[in-house]
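All residue numbers refer to positions in the sequence shown, counting from 1.
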Amino acid sequence: MLKNSAILYKEVLKMKNSSILVVSLLAFLFAVCPIHAYVYYVEAEKYDPDKSILAAGGGVWSEKKDKAVFVFSDTYMEYSGPHVGANTSLIYPIPTVGETAGQWKVWVRCLMPDTGSDSYFFYISNDGGKTWGPQQAAGGNGQGPDWKWENWVLNTQLKKGSGNVLRIAERETARADVVCVRDDGQNSTDEDCAQWFKENKGGQPKIAVQPFRKLSTIWGQLKK
């Protein structure tokens with residue numbers, strides 16, 4: 001009887017330790033990975049032509065070609081004209097967003113040589129562009145003469161569904177090569193962007209592995 005009790009106690013202790021391990025792993029996964037991490041890249045010249053306003057108030061957005069330095073598709077967008085404030089608009093519909101838990105950021109591969117030029121106004125709509133959230137100013141920090149990835153935390157969050165839209169308007173003379181919205185906490189880079197375009201030729205967002213799926217795999221291994 002005592003021997004059987006000792007064996008039973010060891011089995012219970014083993015199960016308890018396994019449960020503690022699983023709970024700890026679950027907490028870790030939620031801490032380091034959103035339930036659905038969302039990443040979406042779009043080339044700046046792929047704006048919605050029907051809803052965008054390229055010319056207004058004496059200013060204009062135009063496509064520029066440059067093969068002398070690296071830009072994706074050898075094409076970028078440039079605004080030139082008066083700095084009178086958000087008369088133009090480049091409209092980018094965002095593919096369907098699922099449940100997300102991260103902080104939304106917009107990244108732009110841009111050219112911002114000094115602090116006195118090259119900045120944008122951002123707006124987010126959650127209803128397909130009918131209404132827009134507060135205007136968000138986005139300026140550079142005098143990065144120099146090279147194309148760089150710059151990021152800003154969005155002050156209007158994207159919502160679950162298919163009605164999310166990003167609007168970019170002029171604030172000063174501005175150049176943009178690629179735009180990215182993401183909530184995975186990772187940095188946008190040329191390598192990450194190129195890989196995303198390679199894997200997502202249809203233009204759909206990349207969804208990260210869910211922690212629940214990772215947990216089920218770990219639990220299955222523990223039970224063996």
Spacing of [X] atom [atom1] and [Y] atom [atom2] [to the nearest 0.5 Å]:
{"X": "Q157", "Y": "W104", "atom1": "CD", "atom2": "CH2", "value": "8.5 Å"}
{"X": "T156", "Y": "L166", "atom1": "OG1", "atom2": "CG", "value": "10.5 Å"}
{"X": "D183", "Y": "Y38", "atom1": "CG", "atom2": "OH", "value": "9.5 Å"}
{"X": "K65", "Y": "S73", "atom1": "NZ", "atom2": "OG", "value": "7.5 Å"}
{"X": "I94", "Y": "S162", "atom1": "CD1", "atom2": "OG", "value": "12.0 Å"}

Where [X] and [Y] come nearest, the two heavy atoms and their spacing:
{"X": "K51", "Y": "G128", "answer": "NZ-O, 3.8 Å"}
{"X": "S119", "Y": "A138", "answer": "CB-O, 3.1 Å"}
{"X": "N155", "Y": "P134", "answer": "OD1-O, 3.9 Å"}
{"X": "V71", "Y": "D66", "answer": "CG2-O, 3.6 Å"}
{"X": "G59", "Y": "P82", "answer": "N-CD, 3.7 Å"}
{"X": "N126", "Y": "L158", "answer": "ND2-CA, 4.0 Å"}

*asked:* Once ring-ring contact (aromatic ring centres under 6.0 Å, His included) is applied, do any residues pair with W107, and if so which ones, sequence neighbours excluded?
replied: none
Are the side chain of [X] and the backbone of [Y] linked by a donor-acceptor contact shorter than 3.5 Å?
{"X": "D127", "Y": "G163", "value": "no"}
{"X": "E170", "Y": "N87", "value": "yes"}
{"X": "Y76", "Y": "E45", "value": "no"}
{"X": "D177", "Y": "L111", "value": "no"}
{"X": "Y92", "Y": "C180", "value": "no"}

*asked:* Given D190, which partner from the list R109, K148, Q195 fulfils the side-chain hydrogen bond (donor to acceptor under 3.5 Å, both in side chains) test?
replied: R109
Do [X] and [Y] come close enough that some side-chain heavy atom pair is under 4.5 Å?
{"X": "S188", "Y": "N151", "answer": "no"}
{"X": "W147", "Y": "F70", "answer": "no"}
{"X": "Q136", "Y": "L154", "answer": "yes"}
{"X": "T75", "Y": "E43", "answer": "no"}
{"X": "S89", "Y": "Y123", "answer": "no"}

_Where at least one partner belongs to residues 53-64, residue pairs that pass side-chain hydrogen bond (donor to acceptor under 3.5 Å, both in side chains), sequence neighbours excluded_ = W61-T88
*Would you sort out whether N200 and Y40 count as a side chain to side chain donor-acceptor pair (under 3.5 Å), showing the intermediate values?*
CA-CA 9 Å; N200 299 271; Y40 176 65; over 6 Å; no
*Ion pair check, D192 and R182, cut-off under 4.0 Å*: yes
With a 4.5 Å cut-off on side-chain heavy-atom distances among I, L, V, M, F, W and Y, is there a chain of contacts connecting [X] to [Y]?
{"X": "V97", "Y": "V179", "answer": "yes"}
{"X": "Y47", "Y": "W132", "answer": "no"}
{"X": "W196", "Y": "W149", "answer": "yes"}
{"X": "I168", "Y": "F72", "answer": "yes"}
{"X": "V165", "Y": "F122", "answer": "no"}

*Which of these passes side-chain contact (heavy atoms from CB on, under 4.5 Å) with R167: I124, I53, I91, L90?*
I91
*Please state whether the rings of Y79 and H83 are parallel, tilted or perpendicular, taking 30° and 60° as the class boundaries.*
tilted
